[in-house]
Amino acid sequence: LDNLISAAQKGNIHITFKSLISGRDIREVYTLKGVDIPLNPNSEKIIFLHVNSGVYEDIQKDTITEWGLTRDHPNMRIG
């Protein structure tokens, strides 16, 4: 998860996780760039900013099944 956090602090990332309420897989775009909320490494959850809605969401770490860089992420190399 260190790579996920590092990438999210630099820009937008896709995260797929299993909803604790509905059990369905959710894939959305989140970021930590510009987010001034301290990360607690001992917490089971990470608070991300949902890019499209501007709402903060806490995602339980062990529900994250996949993540990746968005096309506009600074680390994405095109070509």
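Because only heavy atoms are used, hydrogens play no part in the values below, and waters and symmetry mates are left out as well, while side chains stay in.
Linking Ile, Leu, Val, Met, Phe, Trp and Tyr residues whenever their side-chain heavy atoms come within less than 4.5 Å leaves Y56 and V51 in two separate clusters. Cluster membership for I47 and L49, using ILVMFWY side-chain heavy atoms within less than 4.5 angstrom, is shared.
Distance check, rounded to the nearest 0.5 Å: CG of N3 to CH2 of W67 gives 5.5 Å. Annotation: the span from I64 atom CD1 to K18 atom NZ amounts to 13.5 Å, rounded to 0.5 Å. The distance from atom CG of D58 to atom CD of E44, rounded to the nearest 0.5 Å, is 11.0 Å. With rounding to the nearest 0.5 Å, the separation of CG in L4 from CD in E66 is 11.5 Å. From E57, atom CD reaches atom NE2 of H50 across 5.5 Å, with rounding to the nearest 0.5 Å. Of the inter-residue distances, the one linking I15 atom CD1 with I26 atom CD1 reads 11.5 Å to the nearest 0.5 angstrom.
Scanning all heavy atoms of the two residues, the minimum distance from H14 to R27 falls at CG-NH2, 3.4 Å. Taking every heavy atom of both residues into account, V35 and T31 meet most closely at CG2-O, 4.0 Å. The shortest heavy-atom contact between L39 and Q9 is CD1-NE2, 3.7 Å. Among all heavy-atom pairs drawn from G11 and P74, the shortest one is CA-CD, 4.2 Å.
No more than 12 heavy atoms of other residues, nucleotides or ligands shown are found within 6.0 angstrom of CG on D2.
T63 places a side-chain N or O within donor-acceptor distance of the main-chain N or O of Q60, the cut-off being under 3.5 Å.
A tilted orientation is assigned to the rings of Y30 and F48, their planes being inclined by 30° to 60°.
Between the side chains of H73 and T70, not a single donor N or O lies within less than 3.5 Å of an accepting N or O.
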> Going through the distances and angles, do I46 and I5 end up as a side chain to side chain contact (heavy atoms under 4.5 Å, CB included)?
Replying inline: CA-CA 9 Å; I46 304 171; I5 292 169; 4.0 Å; yes
